[in-house]
Amino acid sequence: MGMDRQITKTLTRLIDNGTDTEKKITALSIQDILSLPGITVAEIHIITELQDAIKKHKVISYISGGADETKEEVKEMNYGGTENDEY
């Protein structure tokens, strides 16, 4: 499975603008992201997802589209609880 074209395009845009490390990507504020020339809503979404993936140490899973989440992480994403929590 290859990288999504939009993710590749967004990563290239970040690198071309000097944001070429995980530390620089996570340090981007929303104002920094919005100041990128020609930024699209889709790219903003990708950048924020990439920031989350970096913080969770799941960059390769994110850019490759892999599903590396545990059962517990999926449950938390679905309703914000854990396996023992009730709706």
Side-chain angles (χ1 to χ4, degrees):
M1 177 184 298
M3 285 188 357
D4 180 90
R5 293 177 91 181
Q6 187 64 43
I7 293 173
T8 304
K9 179 182 168 189
T10 304
L11 284 172
T12 300
R13 179 188 294 269
L14 289 172
I15 293 166
D16 289 346
N17 282 286
T19 310
D20 53 2
T21 66
E22 288 89 348
K23 186 174 182 176
K24 289 178 183 177
I25 291 171
T26 56
L28 287 173
S29 68
I30 193 66
Q31 291 83 10
D32 296 330
I33 296 168
L34 292 172
S35 71
L36 293 170
I39 192 81
T40 66
V41 172
E43 290 172 321
I44 293 168
H45 184 69
I46 288 170
I47 293 168
T48 58
E49 285 183 337
L50 180 58
Q51 288 175 321
D52 290 340
I54 291 168
K55 290 173 187 171
K56 294 177 183 178
H57 305 284
K58 304 259 185 196
V59 176
I60 300 301
S61 296
Y62 173 71
I63 62 175
S64 68
D68 208 24
E69 293 88 12
T70 65
K71 181 179 173 185
E72 193 68 21
E73 289 172 324
V74 171
K75 283 190 163 279
E76 287 180 19
M77 285 189 279
N78 287 339
Y79 66 89
T82 60
E83 193 169 335
N84 295 328
D85 289 343
E86 295 181 18
Y87 290 105

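Contact of the Ile44 side chain with the Ile30 side chain is registered, since non-hydrogen atoms from C-beta on lie closer than 4.5 Å. Looking at Ile39 and Ile47, their side chains come closer than 4.5 Å, going by heavy atoms from C-beta outward.
No single ILVMFWY cluster, assembled from side-chain heavy atoms under 4.5 Å apart, contains both Ile25 and Ile15.
In terms of heavy atoms, Gln51 sits closest to Leu28 at NE2-O, 3.0 Å.
Evaluated for a side chain to side chain contact (heavy atoms under 4.5 Å, CB included) with Tyr62, the options Asp4, Ile7, Ile54 yield exactly one hit, Ile7.
Of the inter-residue distances, the one linking Lys58 atom NZ with Leu50 atom CG reads 15.0 Å to the nearest 0.5 angstrom.
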Checking Leu11 against Ile46 for the side chain to side chain contact (heavy atoms under 4.5 Å, CB included) test, could you report, in this order, the C-alpha distance in whole Å, the side-chain angles of both residues, the deciding distance, and whether it holds? CA-CA 9 Å; Leu11 284 172; Ile46 288 170; over 6 Å; no
Begin from the C-alpha positions of Leu36 and Leu14 and carry the test side chain to side chain contact (heavy atoms under 4.5 Å, CB included) through to its verdict. CA-CA 8 Å; Leu36 293 170; Leu14 289 172; 4.0 Å; yes
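For the residue pair Ser35 and Asp32, no side-chain donor N or O sits within less than 3.5 Å of a side-chain acceptor on the partner.
Ile60 CD1: 12 or fewer foreign heavy atoms inside a 6.0 Å radius.
Lys24 pairs by the side-chain hydrogen bond (donor to acceptor under 3.5 Å, both in side chains) definition with Asp20, not counting sequence neighbours.
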